[in-house]
There are 2 protein chains.
Amino acid sequence: MNQNGGRSVKSVDLTCSILRALRELDGAGVTEIANHVGRSKGAVHNHLSTLHRNELVVKENDEYKIGLKFLDYGTYAKRRVSGYRSAKEVVRDLAEESGEVANFMVEEHGVSVYLIKERGDDAVRTASYEGDRKPLHCTALGKAVLSQFSKERVEEIIDSRGLPKQTDATITERDELFDDLERTRERGYAYDDEEIRSGLRCVAAPVVDSTGEVQGAVSVSGPISRFKGDRFREELPELVLDAANVIQINAAMPD
Amino acid sequence: MNQNGGRSVKSVDLTCSILRALRELDGAGVTEIANHVGRSKGAVHNHLSTLHRNELVVKENDEYKIGLKFLDYGTYAKRRVSGYRSAKEVVRDLAEESGEVANFMVEEHGVSVYLIKERGDDAVRTASYEGDRKPLHCTALGKAVLSQFSKERVEEIIDSRGLPKQTDATITERDELFDDLERTRERGYAYDDEEIRSGLRCVAAPVVDSTGEVQGAVSVSGPISRFKGDRFREELPELVLDAANVIQINAAMPD
DNA sequence: GAAAGATGTTTGTGATCGACAAACACAAAT
DNA sequence: ATTTGTGTTTGTCGATCACAAACATCTTTC
């Protein structure tokens, strides 16, 4: 396994920093960005006008902003995910049946990426949005996926991302996480019990393709007041497992 | 008005070419991309590993692909558009009431960018997707927006983008376009009569904010068989104008 | 099973190119 | 009118990036 060495292209790194800055600052002028990334105005100016020529950024009355070209590339990347099309419908049904928030997510670069979010009639407001990135260890979706990874791969991810604490219930110890993943594997689905946001519980099941490779995960999230007892222990898991099953069967079929 | 000169950063240009290549080729290896962009393998390799480190691309069994980080930036950019939130609901209602496809779009870099697409019960399949980019001159949405631009701005856009022919009905002459925009302005809404796809008609109205600046446009599209007579001349325009009106009123309100 | 032909990756090197700093143009504010 | 912000442009030198060629792995092929 190579460690992804290779020489880096400094200019590209700078351009990426500038994009990050544009987002953090929610749009900004040349000087502001130059200060933020610690470079000269001239340099930043050249990068921004190059990005502008490539239509990746937009200029609105002396403020540069992230351009909608990213949405073009992003939707392309989203649709490229195998099983996305069928997942969309399945997740909608799941949201409807449960009345809660239903999600579909895939792993990328050691974090979870939310691809589909559908709201049922009683859905609570969750912060996640399409493309949102969250740590894997503190969500049911993430743990569902991690439970299908090899121990080495999980170790690698922990090494690079750590186990940042989100609430008092967040798992922050390696051993504890591995125990949880073991139980998840036995069960076939994962729980998140206020580990990312207090008051919020979640049930998720991994979606595995025909080769045994994990594609992503489906979940339902909701308030602790409704996520308890039999519903939390049996009904919701069943719905979620069912959804995961349908997605993986549909994904195996050619359109 | 400056012509957006400035020195360009060659490495960033190359990185953008590589991203375009990744998309056109729908994922590819180093050699393939190197040939496609006409550079050495080594150079391309360095760019790709830099992009990988920045999590903008993904590597799947010896193929690099556009990463989902673009979706993150893209959704951010989409939500940043003023009036997006209220437009979402309004467009959904419009799709439901009309039973057709309803869209919301904004202009960027001289092209139209589709931001919202909702399908009614009888909706035909249209190719557009969130983030999709199309020329302005051959869609009702585009012409609705152009009708609100100054003549100089329209000239600029034509100069840089041309008037590419999509169907036999596409307007390819400057004068003809300006005539159409004039009529559109008088009417208050725009028509697309098979100008982008044969068999498809469309009605669109511009969304103008409180300062008189055009924000974007709303539309309904459907087959010629249903888009004719009174419905095409009166009913649909009324629905669309109404939707545009609601969006601009909501946009003016603080959340 | 060895050799050939693909990959992706790494290295040294010289020419290019990009960052800096400073000057410039143009605002708005004092 | 002067000051203090912008964004933009320029000359210059040192860093850096692309090339080419070698290297490491794989398949393929005979």
(Q) So that I can tick it off, tell me whether A:R20 and B:E55 are bridged by a salt bridge, with the cut-off set at under 4.0 angstrom between side-chain N and carboxylate O. (A) no
Q) Quick one: does NZ or CZ of A:R23 land under 6.0 Å from the six-membered ring centre of B:Y73, within 45 degrees of the ring axis? A) yes
Q: Using atom CG of A:N35 as one end and atom P of D:dG7 as the other, report the distance to the nearest whole Å.
A: 10 Å
Q.
Any N or O donor-acceptor pair under 3.5 Å from the base of D:dG7 to the side chain of A:K41?
A. yes
Q) Centre of B:F178's six-membered ring, under 6.0 Å away, within 45 degrees of the axis: is that where NZ or CZ of B:K151 sits? A) yes
Q. Which parts of nucleotides 25-30 of chain C does protein reach within less than 4.0 Å, heavy atoms only, written one letter per nucleotide 5' to 3' as B for base, S for sugar-phosphate only and - for none?
A. ------
(Q) Just the rounded figure in Å: distance from P of D:dG11 to CG of A:N46. (A) 14 Å
Q) Nearest-Å distance, NE2 (A:H52) to P (D:dG7)? A) 14 Å
Q: Mind checking the CD1-NE2 spacing from B:I18 to B:H45? Nearest 0.5 Å is all I need.
A: 11.5 Å
Q. Between C:dT11, C:dG8, D:dG11, which nucleotide has the shortest distance from any of its atoms to the side chain of B:R7?
A. D:dG11
**Q.** Test item: side-chain donor near acceptor, B:T184 and B:D180, under 3.5 Å
**A.** yes
Q. Could you state the CG-P distance from A:L48 to C:dA19, rounded to the nearest angstrom?
A. 12 Å
(Q) What is the distance, to the nearest angstrom, from the CD atom on B:E63 to the C1' atom on C:dT7? (A) 12 Å
(Q) Does anything in residues 12-33 of chain A come within less than 4.0 Å of DNA chain C? Heavy atoms only, and list the residues if so. (A) A:L14
Q: Taking only Lys NZ, Arg NE, NH1 and NH2, and the carboxylate oxygens of Asp or Glu, determine whether A:E130 and A:K117 approach each other closer than 4.0 Å.
A: no
Q: Output yes when at least one side-chain N/O atom of A:H47 is less than 4.0 Å from OP1 or OP2 of C:dA19, else no.
A: yes
Q.
Can you tell me which nucleotide in C:dA19, D:dT16, D:dA18 comes closest to the side chain of A:K10?
A. D:dT16
Q) Can a salt bridge be assigned to the pair A:K69 and B:E108 using a cut-off of 4.0 Å between side-chain N and carboxylate O? A) no
(Q) Considering every strand and a 4.0 Å limit on heavy-atom distances, what is the contact class for A:S11: base, sugar-phosphate, or nothing? (A) sugar-phosphate
Q: Take the protein atom CZ of A:R39 and the nucleotide atom P of D:dG7, then report the distance between them rounded to whole Å.
A: 18 Å
(Q) Could you tell me how far apart A:H45 (NE2) and C:dA19 (P) are, to the nearest whole angstrom? (A) 13 Å
Q: Please determine, by modelled atom types, if B:E195 and B:T139 share a side-chain donor-acceptor pair under 3.5 angstrom.
A: no
(Q) Between B:D159 and B:R174, does any side-chain N to carboxylate O distance fall below 4.0 Å? (A) yes
